[in-house]
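Taking it in order: structure first as structure tokens, then the write-up.
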Amino acid sequence: MDRRIQAVYGWLLALPACVLLAAFTHWPAVASLIDSFWSTPRGRRPAQFVGFEHYRRMLADDPIFLQVVWNNFLYALVTVPAAIGLALLMALLVNERIRARGLVRLAYFTPTVLPMVAAANIWLFFYTPGYGLLNQILSAFGLPDTNFLGSRDTALWSVMVVTIWKEAGFFMIFYLAALQAIPPVLEEAARLEGASHLVYLRRVALPLLMPTTLFVLVNALIGAFRVVDHVVAMTQGGPDNASALLLFYIYETAFRFWDTGYASALTVVLLLVLGGISIAQVRLLDRRIHYR
Amino acid sequence: MPEVRIERLAKRFGATVAVDEVSFTVEDGSLAVLLGPSGCGKSTTLRLVAGLETASSGRILVDGKDVTALPPPARGLAMVFQSYALFPHLDVARNITFGLEVRRVPKAERQRRLAAAAALLGLEGLLARKPAQLSGGQQQRVALARAIVAEARLCLMDEPLSNLDAKLRQEMRKEIRELQRRLGMTMLYVTHDQVEAMTMADRIVLLKDGRVEQVGTPAELYGRPATLFAASFLGTPPMSLLALEDGPEGAVVAGSSTCVLPGRPGRGRVLGLRPEAVRLADGDGHRAVVEGVEFLGADSHLTCRIGSERLLVRASGLVDLAPGTEIGLDWPAGAVHLFDAGSGRRIEAG
Ligand SMILES: Nc1ncnc2c1ncn2[C@@H]1O[C@H](COP(=O)(O)OP(=O)(O)OP(=O)(O)O)[C@@H](O)[C@H]1O
Ligand SMILES: [Mg+2]
């Protein structure tokens, strides 16, 4: 009897979380999958089953989708390694005995506490043609004015810079924590064995940071497909979809063009990508290099 | 193999003086132990010799060459850390040859030295393991092997045995000593364990509060402690120290009329007696009261009281005396150590 009541209590306590998770995560995912096989209902025309039509359209008839996937791929390929590399560099730097170390750490970390939209707005100002900070610097060197966000060649790269700037500080914290977990006696031992600081970093510190790198890598990859606030705030995907990312394209398809059937199919693709990364994460983290 | 000379070496951390004008010499091919209680500056001294700390003043000479300002790798020494400092991501073999790889020793030579060191320390079966897969004693051996393959002229050890259990510690003590002798290494060894120091050292450097209290062979430190601190630090059980007073016929033990040093002053002096030097006297002898007996098998430790002072007596076999029994104690004149109570210095006969 007692046990039954306890079980009821248990379920009641878990209920809110279960309901929220089911209503806002699991059901939408399943619904998207189902919707992706149906056409978008328009006016008095109800949705019709169209099978894989949406997926065929993606690959065969939608150059924008291909462009967006390519953009997102390039975006991940550049921002993830760059942010991680920068994070590692900053962590190594602020882990040294430098002056005003606390202040430098704070400075590096500040972008992280800003919401992405706020960061985007700051950079919007930096990028402004004419009197923006970057163009003022350019003109000081006698270089021509550049419309960073308005030109096809620079828009995506400009967005990438914001991402790197914002993410690096966050990843730095993980590296810093990992670095401080390495006993200082290891460097002393390495030094006595004739290793310079650089050799120590390469042969001892970096290998010991591998688990952290893996963790950060997966998070960065997921972030690269999941965060588009800055695209919305800065370029709206433009010009001519040059800076559109997959999630942004889904958003536009669903809520600007109200093509919900097609948006569902796109969502399924995104879910597959994220699911793939997550599975890789679980696998890799399970097998990750265990030292202790 | 080098001789190491430390000359008036000092190290200050802000206001704290960790090492205060320390001088001593480690002879070529010998093993010197830095001994002292926690916080007396042993590790700091060792780290200064290693070059991991920079000296505030003083000099370190290796083979007559001043190395005080040299960076650690240029000093040609190896070090075994208390925590072993093995690289957790490298297997045992790579841990041992780490320094050789860094110094670009050719592969064949590396393998030769690795095989020799592994054989010497019985690590052959463990070369592919990571440090986390080793027991404390095995890790200790790996750290030793790493120090040996460097073929360094000088080896420093900071409490290398303190993480091991008593039995293993005893074995490793012997092994390290043997290794040091066989390879003819000059070794500077830090410990706070006086038994370790007594059994291993050619020379003991006894430190207290950053200063050298006494330097000498284990026998010298045990036989003629230079200070009250040295007297109480070495020996298990330690030397009994009895405050003296002036009596009518000479120095008496405080709180009694027992004259222990006829015709000599007692006030402001301390009498030191090793427990094994004191005998139970049958007839006369100095009167003492038994306070307790501890039977240890081979011998018994008697806690006795003379006046207001306690002293320990070590008698062989089982001694069956009830607390409160009055007994007579006796000791040879040569077993008497005298110290000045104020300065703590030894007073030579007189
Ligand atoms: N980096 C440091 N900064 C400030 N003070 C220090 C530092 N290292 C050591 N000290 C101080 O110097 C003194 C000697 O320290 P040291 O580590 O040499 O002692 P030790 O004899 O090795 O003691 P133990 O047996 O506990 O290891 C101590 O009072 C310690 O607090
Ligand atoms: Mg120490």
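In what follows, chains are A, B, ... by sequence order, proteins preceding strands, each numbered from 1. Below, all heavy atoms of this structure are taken into account, side chains as well, without hydrogens, waters or symmetry copies.
Inter-residue side-chain proximity for A:Pro207 and B:Leu90 is flagged as unmet; no heavy-atom pair is nearer than 4.5 Å.
The distance from atom CE of B:Met79 to atom CZ of A:Arg191, rounded to the nearest 0.5 Å, is 11.5 Å. Atom CD of residue A:Glu188 and atom CD of residue B:Glu53 lie 7.5 Å apart, to the nearest 0.5 angstrom.
For a residue to count as touching a neighbouring chain, one of its non-hydrogen atoms must lie under 4.5 Å from one of that chain's; by this rule A:Val204 touches chain B with backbone and side chain alike. Contacts between B:Leu86 and chain A at a heavy-atom distance below 4.5 Å involve the backbone alone (N, CA, C, O). In this structure, chain A has a heavy atom under 4.5 Å from the side chain of B:Arg47, while its backbone stays farther away.
Residues of residues 96-107 of chain B lying within less than 4.5 angstrom of chain A, judged on heavy atoms, are B:Phe98, B:Gly99, B:Glu101, B:Val102, B:Arg103 in numerical order.
In terms of heavy atoms, A:Ala189 sits closest to B:Ala85 at CB-CB, 3.8 Å. Among all heavy-atom pairs drawn from B:Ala50 and A:Leu192, the shortest one is O-CD2, 3.8 Å.
Remark: side-chain polar atoms of B:His89 are paired, donor with acceptor, to backbone N or O of A:Arg203 under 3.5 angstrom.
Residue B:Phe24 places its CZ atom among more than 12 non-hydrogen atoms of other residues, nucleotides or ligands, all under 6.0 Å distant. In this structure, A:Phe73 places its CZ atom where only 12 or fewer heavy-atom neighbours from other residues, nucleotides or ligands lie under 6.0 Å away. Counting heavy atoms of neighbouring residues, nucleotides and ligands inside a 6.0 Å radius, atom CZ of A:Arg226 does not exceed 12 of them.
Each of B:Ser83, B:Pro73, B:Gly51, B:Pro71 has some count of heavy-atom pairs under 4.5 Å with chain A, and the biggest count is that of B:Pro73.
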